[in-house]
Amino acid sequence: MGKDSIKLLEDERVYLRPLEQEDLGLFYTKALWDREGRRLTGTQAVFSRQGVQNWFDRIALDDSRIDLVICLQETDQIIGDIAMLDIDYQNRKSVVRISIFDKNYWGHGYGTASLSLLIRYGFEMLNMNRIGLDVFSFNERAWKCYQKLGFREEGRLREDLFYDGKYHDSIVMSILKREFYESP
């Protein structure tokens, strides 16, 4: 996208901008077929290019979600995507998900920084009170990231995912607005 990109949310290392049509090729080749990324997100579906296009066309019209890409400030490189889903303005709640699909950027705090930006946006701009997520029990790196941001475990859906011949639990977590601002 280059230096003229819309930077919806940003800090000194990353910025979040809307997902655009031009990004779909990258999603199809990198994000949707990486074996480890698919495992960590529990993705089992098979995607065609037309299926990805249909998904994009559908979400572009859905006002209950915000889909963004995560870019590096220094180079404008896309390293992942992040979304706020199931936005419920009446009950002031939503769900978030994130994926850093370039492994070179795992474990460097980019996911934590990006999620912090989106959570702050949810609480301050969208007036959310509760933001939830779920994470599979084998995804310890993500679980630690969520805990660091102040998410609390609410429960566990036992054997919720069948992947690679085994069942895995799904951990339900959330953070409330007041908790986000209390966390260190």
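Since the model is a prediction, treat every value here as computed from it, not as a measurement.
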In Å, rounded to the nearest 0.5 Å, how long is the span from [atom1] of [X] to [atom2] of [Y]?
X      : Y      : atom1 : atom2 : result
Leu133 : Met84  : CG    : CE    : 10.5 Å
Asn104 : Gln77  : CG    : CD    : 8.0 Å
Ser116 : Asp11  : OG    : CG    : 8.0 Å
Arg141 : Thr112 : CZ    : OG1   : 10.5 Å
Ser114 : Leu68  : OG    : CG    : 9.5 Å
Asn129 : Phe123 : CG    : CZ    : 7.0 Å

Could you tell me which non-hydrogen atom of [X] sits nearest to which non-hydrogen atom of [Y], and how far apart they are?
X      : Y      : value
Trp106 : Phe101 : NE1-N, 4.5 Å
Asp67  : Ala83  : OD2-CB, 3.6 Å
Cys145 : Gly111 : SG-C, 4.4 Å

Are Arg13 and Tyr110 in a cation-pi contact, defined as NZ or CZ under 6.0 Å from the six-membered ring centre and within 45° of the axis?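 Judged by the rule, Arg13 and Tyr110 form a cation-pi pair.
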Heavy-atom check, side chain of [X] versus side chain of [Y], under 4.5 Å:
X      : Y      : answer
Tyr105 : Ile70  : no
Leu8   : Arg17  : no
Phe151 : Val172 : no
Leu85  : Val96  : no
Asp169 : Glu159 : yes
Ile6   : Pro18  : yes
Met128 : Ile87  : yes
Leu115 : Ile82  : yes

Worked verdict on Glu124 versus Tyr181 for side chain to side chain contact (heavy atoms under 4.5 Å, CB included): CA-CA 11 Å; Glu124 293 177 3; Tyr181 292 102; 2.6 Å; yes
Any salt bridge linking [X] with [Y]? Criterion: basic side-chain nitrogen under 4.0 Å from a carboxylate oxygen.
X      : Y      : answer
Arg97  : Asp81  : yes
Arg158 : Asp160 : no
Lys177 : Glu182 : no

With distance as the sole test, does [X] use its side chain to make a donor-acceptor pair with the main-chain N or O of [Y] at under 3.5 Å?
X      : Y      : answer
Glu179 : Leu176 : yes
Asn91  : Lys93  : no
Trp143 : Ser137 : no
Arg152 : Ser174 : no

Do you reckon Met173 sits in the same ILVMFWY cluster as Leu157, going by side-chain contacts under 4.5 Å, direct or chained?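 Looking at the clustering, Leu157 is in a separate group from Met173.
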Shared hydrophobic cluster for Val95 and Ile98 (ILVMFWY, side-chain gaps under 4.5 Å):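 In one cluster with Val95: Ile98, no.
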Going through the distances and angles, do Leu118 and Ile131 end up as a side chain to side chain contact (heavy atoms under 4.5 Å, CB included)? CA-CA 10 Å; Leu118 187 60; Ile131 297 175; over 6 Å; no
Would you tell me whether Asp134 and Ser170 have side-chain atoms, one donor and one acceptor, within less than 3.5 Å of each other?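 Yes.
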Glu12 and Gln73: side-chain donor and acceptor closer than 3.5 Å?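 No, no side-chain donor-acceptor contact under 3.5 Å.
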Determine whether Tyr15 and Asp76 satisfy the following criterion, side chain to side chain contact (heavy atoms under 4.5 Å, CB included), listing intermediate values before the conclusion. CA-CA 9 Å; Tyr15 66 90; Asp76 294 316; 2.7 Å; yes
Verdict with supporting geometry, Phe136 and His168, ring-ring contact (aromatic ring centres under 6.0 Å, His included): CA-CA 7 Å; Phe136 296 114; His168 304 278; 7.7 Å; no
